[in-house]
Amino acid sequence: MSQPWLIVPAAGQGRRMGADKPKQYLTLLDNQPILAHTLKRLHCAFPNARLVLCLDDDDRWFSPDWIPFTDWQRVPGGRERMDSVLNALHAMAAQADDIVMVHDVARPCITPDDLQTLYQVASSHPAGALLAMPVADTMKRGDAQHLSVRTEPRDGLWHALTPQGFRYALLRRALEAARQQDTLVTDEASAVEALGECPKLVSGRRDNVKVTHPDDLALAAAIMAAQAAHTPERSC
């Protein structure tokens, strides 16, 4: 099986963290930023993959020393996530059936096993696939005043995670259609679904957390330390 293309949008400002720099550059473990840890995890699963990293033009924190891949390119980030991914797709020299996996830079706890499983399913399912997690909690519908107005049935509900993987031509067509229709999509699967396609949901680990708020930084560090203790023979 050929190696995938990897797109990592990393142009966000992470304002909800309230930090003095974008969250992908906050230190996590070993005095390394989130971005470096995330790329290391991806490289561990796919050492020969081709990486496209989306960065802000004015980014002054990035260092190429954090890139473990030999085949990589930098592209400008966009206003929204979908714009960054489209910039990457337009810059890539990919073939129509190449598998493209898009992963949040702020998910450094992703495991090689989940990455490889997702890639295998995305390669075999024509509409692609995404890591996801069945909803386990009771779901409430709130109103504008944050009052709980009803309980929503959770049957069939999943939390969407990343990475999400699709054939290059399908993903590009889906995101270009969303842009033409002036539709903002928050993940790649949403754009593919809008074409009438049904990506495969791949049950992923619950520790694939996204660092969004200040408390998430300590949580991610604890998860990564626990993962390392559980599999000491694996260095990533």
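Note that these values count all heavy atoms, side chains included, but never hydrogens, waters or copies made by symmetry.
Counting heavy atoms from C-beta on, the side chains of Ile7 and Leu51 never come closer than 4.5 Å. The side-chain heavy atoms of Pro33 and Trp61, taken from C-beta on, include no pair separated by under 4.5 Å. Side-chain contact between Lys21 and Leu26 is present, with heavy atoms from C-beta onward closer than 4.5 Å. A heavy-atom distance below 4.5 Å is found between the side chains of Val85 and Pro9. Side-chain contact between Val52 and Val8 is absent, with no heavy-atom pair separated by less than 4.5 Å. At a threshold of 4.5 Å between non-hydrogen side-chain atoms, the residues Met101 and Gln164 do not count as touching. Residues Met82 and Thr186 have side chains not in contact (no heavy-atom distance under 4.5 Å, counting atoms from C-beta outward).
Only one option out of Leu42, Val102, Asp114, Leu115 pairs with Pro163 in a side-chain contact (heavy atoms from CB on, under 4.5 Å); it is Leu115.
Tyr119 and Leu131 fall within a single hydrophobic cluster, where Ile, Leu, Val, Met, Phe, Trp and Tyr are joined by side-chain heavy atoms under 4.5 Å apart, directly or via other members. No chain of hydrophobic side-chain contacts below 4.5 Å, direct or via other Ile, Leu, Val, Met, Phe, Trp or Tyr residues, connects Leu201 to Leu157. Residues Leu161 and Leu130 are members of separate hydrophobic clusters, defined by side-chain heavy-atom contacts under 4.5 angstrom among Ile, Leu, Val, Met, Phe, Trp and Tyr. Cluster annotation: Val211 is connected to Leu29 through the hydrophobic network of ILVMFWY side chains, with a link wherever side-chain heavy atoms come within less than 4.5 Å.
In this structure, Asp59 contributes its side chain and Leu55 its backbone to no donor-acceptor pair below 3.5 Å. For the pair Ser203 (side chain) and Met133 (backbone), a donor-acceptor distance under 3.5 Å is absent. Put simply, the side chain of His103 never gets that close to the backbone of Leu6: no donor and acceptor are under 3.5 Å apart. Thr162 places a side-chain N or O within donor-acceptor distance of the main-chain N or O of Asp104, the cut-off being under 3.5 Å. Distance alone, capped at 3.5 Å, is enough to place a donor-acceptor pair between the Asp83 side chain and the Glu80 backbone. In terms of modelled atom types and a separation under 3.5 Å, the side chain of Tyr168 and the main chain of Leu89 share a donor-acceptor contact. Side-chain atoms of Lys23 never come within 3.5 Å of backbone atoms of Ala106 as a donor-acceptor pair (strictly under, hydrogens ignored). In this structure a side-chain-to-backbone donor-acceptor pair under 3.5 Å is present from Ser124 to Gln120.
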With side-chain contact (heavy atoms from CB on, under 4.5 Å) as the criterion, how do Thr117 and Val202 come out once you've worked through the C-alpha distance, each side chain's angles and the decisive distance to 0.1 Å? CA-CA 8 Å; Thr117 298; Val202 179; 4.0 Å; yes
side-chain contact (heavy atoms from CB on, under 4.5 Å) between Met92 and Trp5, worked out: CA-CA 9 Å; Met92 292 160 47; Trp5 288 85; 3.5 Å; yes
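Within the structure, salt bridge (Lys or Arg N to Asp or Glu O under 4.0 Å) contacts touching residues 155-174 (residues at least two apart or in different chains) are Arg172-Glu176. Residue pairs meeting the salt bridge (Lys or Arg N to Asp or Glu O under 4.0 Å) criterion with at least one member in residues 187-202, sequence neighbours excluded, are Arg81-Glu188.
Between atom CZ of residue Arg41 and atom CZ of residue Phe46 there is a gap of 14.0 Å, rounded to the nearest 0.5 Å. Interatomic distance, Thr212 OG1 to Asp216 CG, rounded to the nearest 0.5 Å: 5.5 Å.
For Ala218, there are no side-chain contact (heavy atoms from CB on, under 4.5 Å) partners, not counting sequence neighbours. Remark: Asp207 engages Arg205, Ile223, Gln227 in a side-chain contact (heavy atoms from CB on, under 4.5 Å) (not counting sequence neighbours).
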Exercise answer: donor-acceptor pairs, residues 64-79 side-chain atoms, under 3.5 Å, sequence neighbours excluded:
| unit_1 | atom_1 | unit_2 | atom_2 | d |
| --- | --- | --- | --- | --- |
| Arg74 | NH2 | Asp56 | O | 3.1 |

For residues 134-142, dump all side-chain donor-acceptor pairs below 3.5 Å to protein atoms at least two apart in sequence or in another chain.
| unit_1 | atom_1 | unit_2 | atom_2 | d |
| --- | --- | --- | --- | --- |
| Lys140 | NZ | Thr151 | OG1 | 2.6 |
| Arg141 | NE | Glu152 | OE2 | 3.0 |
| Arg141 | NH2 | Glu152 | OE2 | 3.4 |

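The two residues Ile99 and Ala122 come nearest to each other via the heavy atoms CD1-O, 3.6 Å.
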